[in-house]
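So you know, we letter chains A, B, ... as the sequences are listed, proteins then strands, and number each from 1. What you see is a predicted model; the values in this text were computed from it and never measured.
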Protein chains: 2
Amino acid sequence: MNEAQAIVGFVADEIAVALLGQVMTLSGQVTERMRAGLERLDLTESVANLVWLLRPDTDPLPLRKLAAQLHCDPSNVTLLSAKLEERGLAERRPHPRDGRVRTLVLTADGRRVREELIELVARHSPLAGLDKTEQKQLHALLDKAIASA
Amino acid sequence: MNEAQAIVGFVADEIAVALLGQVMTLSGQVTERMRAGLERLDLTESVANLVWLLRPDTDPLPLRKLAAQLHCDPSNVTLLSAKLEERGLAERRPHPRDGRVRTLVLTADGRRVREELIELVARHSPLAGLDKTEQKQLHALLDKAIASA
DNA sequence: AGACAATACATGAGTTACTCAAGCTTCTAG
DNA sequence: CTAGAAGCTTGAGTAACTCATGTATTGTCT
């Protein structure tokens, strides 16, 4: 038994590694699909990722929270937000109770673009190929996984 | 019914959108987990992504194929490969039959680093929190989804 | 109330990953 | 044998991102 095999022995589950690969593959496919349509929407990938987080049906999020969800520095979100404002797709609003906080809210145009974005990726998503039952199973499993983290 | 709602009406499945979000969330969590350990392994994220693809148990891949899997330009893989060679983790070998093609192969050190990388993310993966039965179900569902793309 | 630390965002500089265009070598087709 | 295509490399340029710093606001401790 050589050293490499010994280390392999440590790896908890072969199947967990395979699952990881699958998730990353899917994520890559979706991202690439999105890229293809971004030119038409005149968005960059990083801006699109921000738009994706800006749900119109919930309370607007502080820039700091958005940075956390994007796994990047808050200063980066400042730049992305400025780009969205320039294009008239969102606007920064002061937080009603905390003067330090800025929240980012989509405009009507922004909401429209967001729907197009979702449409773009959801329509051709590999996950859309599953039937309803499978989708529900998958949703439950992923939900459990995410919650356990 | 306003315009935004009309567009919402087009979105095939609400649940498919939710699934998309889950996959992207998981992918983000895994990536962030990986980042945390990359400093210790002295790797950058992009180099690590390449190492991830360099399976020692299959035929070595041409740089072009690797570029396709990474969704990036071949010239970028040239750079990443050079970094791997500098660190002695991989070496470019000419293809036995086609003189134009270079394949990338991990060295013994490279294989060791790759196992550490897998260990790093697999051990703490949210997916590792599921039990064996759930993992198998999930694997089957994801496999079907990926195949349908 | 007043001082001090902490939080949230903004700004500027610098780094890195990446793309694109052009060039070289090798393979393939007529 | 020549023309074209395919694969990799090189160099230049760009965009995204981080880090350090600055400013305004909030919370806390006495």
Residues in side chain to side chain donor-acceptor pair (under 3.5 Å) contact with B/D143, at least two apart in sequence or another chain: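 Not a single residue meets the side chain to side chain donor-acceptor pair (under 3.5 Å) criterion with B/D143.
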
N or O in side chain of A/T78 less than 4.0 angstrom from C/dC9 OP1/OP2: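 Indeed not, no polar side-chain atom of A/T78 lies that close.
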
Inter-axis angle, terminal five-pair segments of the helix from C/dA1-D/dT30 to C/dG30-D/dC1 [nearest 10°]: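 For the helix from C/dA1-D/dT30 to C/dG30-D/dC1, the axes at either end differ by 30°.
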
Whether the B/S75 and B/D73 side chains hold a donor-acceptor pair (N or O, under 3.5 Å, no angle test) is what I'd like checked.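 There is such a pair (donor and acceptor under 3.5 Å, judged by atom type) between the side chains of B/S75 and B/D73.
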
A/G99 or B/S81, whichever maps to the more 5' nucleotide of DNA chain D: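 Final value for this comparison: B/S81.
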
Side chains of residues 19-27 of chain B: which donor-acceptor partners sit under 3.5 Å, not counting sequence neighbours?
unit_1: B/Q22; atom_1: NE2; unit_2: A/H139; atom_2: O; d: 3.2
unit_1: B/T25; atom_1: OG1; unit_2: B/G21; atom_2: O; d: 2.8
unit_1: B/S27; atom_1: OG; unit_2: A/S27; atom_2: OG; d: 3.1

Tabulate below the donor-acceptor pairs under 3.5 Å that side-chain atoms of residues 99-106 of chain B make, not counting sequence neighbours, or state none.
unit_1: B/R100; atom_1: NE; unit_2: B/D98; atom_2: OD1; d: 3.1
unit_1: B/R100; atom_1: NH2; unit_2: B/D98; atom_2: OD2; d: 2.9
unit_1: B/T103; atom_1: OG1; unit_2: B/R93; atom_2: O; d: 3.2

Determine yes or no for a side-chain-to-main-chain donor-acceptor pair under 3.5 angstrom, with B/R33 supplying the side chain and B/R123 the backbone.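 Answer holds: no.
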
Where do B/R111 and B/L89 land on the side chain to side chain contact (heavy atoms under 4.5 Å, CB included) test, with the steps shown first? CA-CA 8 Å; B/R111 290 193 294 274; B/L89 299 181; over 6 Å; no

Do A/R100 and C/dT7 have a side chain to base donor-acceptor pair shorter than 3.5 Å?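 For A/R100, whose side chain was compared with the base of C/dT7, there is a donor-acceptor pair (under 3.5 Å).
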
Just to verify, what does B/L61 make a side-chain contact (heavy atoms from CB on, under 4.5 Å) with, not counting sequence neighbours?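 Once residues adjacent in sequence are excluded, the partners of B/L61 under the side-chain contact (heavy atoms from CB on, under 4.5 Å) criterion are B/K65, B/L66, B/Q69.
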
Return the nearest nucleotide to the side chain of A/D98; candidates are D/dT26, C/dA10, C/dC9.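 Closest nucleotide among those given: D/dT26.
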
Rounded to whole Å, please give me the gap between CG in A/L63 and P in C/dT11.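 Computing the A/L63:CG to C/dT11:P distance gives 12 Å.
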
Spatial distance of atom CG (B/L41) from atom CD (B/E119) [nearest 0.5 Å]: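 Nearest 0.5 Å value for the CG-CD distance: 11.0 Å.
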
Could you run down nucleotides 14-23 of chain C 5' to 3' and tag each one B, S or - for protein heavy-atom contact under 4.0 Å? ---SBBB---

